[in-house]
Protein chains: 2
Amino acid sequence: MSTLTAGDRPARPYHHGNLRPALLAEAVRVLAEGDAASLSLRELARRLGVSHAAPYRHFADKDALLAAIAQQGFELLVAQVEAAAAQHPDEPARELADTGWAYVRFALHQPQHFQVMFGRGAPPATAYPEVLAAGQQAFGRLLRVIEDGQRAGRIVSGEPRELAVAAWSQVHGLAILLLDRQLPVVDEAECEALVRRCVQIQQVGLGR
Amino acid sequence: MSTLTAGDRPARPYHHGNLRPALLAEAVRVLAEGDAASLSLRELARRLGVSHAAPYRHFADKDALLAAIAQQGFELLVAQVEAAAAQHPDEPARELADTGWAYVRFALHQPQHFQVMFGRGAPPATAYPEVLAAGQQAFGRLLRVIEDGQRAGRIVSGEPRELAVAAWSQVHGLAILLLDRQLPVVDEAECEALVRRCVQIQQVGLGR
DNA sequence: ACCTGAACACCGTTCAAGT
DNA sequence: ACCTGAACACCGTTCAAGT
């Protein structure tokens, strides 16, 4: 009874060794169906066939679990933005537009991560230095696009950090409003069109 | 014992009549110290000296209470944006900048309302038609600024709704990032400078 | 009409104790 | 080293019963 014969599959494969990654993966799965507030450590433990106290061996508390997911998210975001920016390195306008759309697409495709990274029940990033660092790396990537564009004479001169904040806040706002369903958009194609149009407006200028 | 003499103050003034507004006011007070997730109906009831079941006489559930606060928030926002926009009706660039700053200032000064209106544990606006309508009224106010500017020849031509979305997402992104402390800003003066600079960048155009 | 008290099914977190 | 089980102090929500 207490030993497994060859044909048996262990009923709870997470008992030893990989509970931490299993908790993270399961959390992302649960987040896909709800928000961070309705995610519970007890439910994760239940799903993984482990006692409700077991997660506390791997995470100090619920916020620490969320912070780990946020960090993961920033790494994914950096990778995707990087890939988008790399496609047209000598067309700054297009590079910026692709970068912006990659940002919003990430928010729409990985809402679980995005929601934990920003807004709602997200743990205050300031309390988790690794998360803060991951976020700044993503910002740094955008900064490079701006600086390259300035060198190529295709982006207005000015403090690059300010221009990057302007560009970031634009796409960040779009991502949030789209996720909150505050904009009348039905499918992803419409999303992309809207985002590219807004980025274009920002490039050309709203005033006259 | 069971009657109040002239000098007595009733220990629980909310027992009859005004529990609903009292709950809303107390909720805003509690939200000032935490987020929507950590607001509890039981705590509100406790603070108001009422049983934990009493709130359910006035709100179907916790989300309904939050939706009522969100609606209040949209009304406040519309009033403040309206006041800002009215100051320089014949200088569209300035009007747009003032409107944008009024939006972000609202988010910074009334974070309790802003958080419930957008993101985090906010009740899905789609479930509360009054909230949706209040939000659209705010958007409509911005739309008017854009259209007036176009008529005056100071804002680029194009679909006004698209231009309004671009402007909205810009300031909305700024508001969220500032509230999340993702931007290195220390006081309100710096916030205002940053917001006005971003709005200016959007007006002049990022590209060249 | 409005409020109470008990009840149910949940949480996060801690801690002694087990293997 | 990692996990369990009981325990504590909370939740949201419902419902019979009180005034």
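Here is how names work: the chains are called A, B, and so on, in the same order as the sequence lines, proteins then strands, and each is numbered from 1. When reading the values below, keep in mind they use all heavy atoms of this one structure, side chains included, and skip hydrogens, waters and symmetry mates. All values reported here derive from a predicted model rather than from experimental measurement.
Atom CZ of Phe59(B) is separated from atom C1' of dC3(C) by 16 Å (rounded to the nearest Å). What separates CG of Leu48(B) from P of dC3(C) is a distance of 11 Å, to the nearest Å. Leu23(B) has its CG atom 13 Å from the P atom of dC2(C), to the nearest Å.
By the neighbour-count criterion of 12 heavy atoms within 6.0 Å, atom CD of Gln137(A) is sparsely surrounded, having that number or fewer from other residues, nucleotides or ligands.
Between Phe118(B) and Phe74(B), the ring planes are perpendicular. Angles over 60° get that label, and only those under 30° would be called parallel. Aromatic ring pairs are classed by plane angle as parallel below 30°, tilted from 30° to 60° and perpendicular above 60°; the pair Trp168(A) and Phe139(A) is tilted.
Residues Val30(A) and Arg47(A) have side chains in contact (heavy-atom distance under 4.5 Å, counting atoms from C-beta outward). Using a 4.5 Å heavy-atom cutoff, the side chains of Glu188(B) and His109(B) are in contact. Residues His52(B) and Arg46(B) are not in side-chain contact: their nearest non-hydrogen atoms beyond the backbone lie 4.5 Å or more apart.
Consecutive pairing runs in DNA chain D reach the stem threshold at C:4-8 with D:12-16, C:12-16 with D:4-8, where a stem means at least three Watson-Crick or G-U wobble pairs with distances under 3.5 Å.
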Would you give a per-nucleotide map of nucleotides 6-19 of chain C, 5' to 3', where B means the base has a protein non-hydrogen atom under 4.0 Å away, S means only the sugar-phosphate does, and - means neither? BB---BBBBB----

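Smallest separation of non-hydrogen atoms from Leu19(B) and Ala54(B): CD2-CB, 3.9 Å.
Taking side-chain N and O atoms only, His58(B) has no distance below 4.0 Å to OP1 or OP2 of dA1(C).
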I would like to know whether Arg144(B) and Glu147(B) meet salt bridge (Lys or Arg N to Asp or Glu O under 4.0 Å); could you show each step before the answer? CA-CA 5 Å; Arg144(B) 270 237 298 276; Glu147(B) 288 168 338; over 6 Å; no

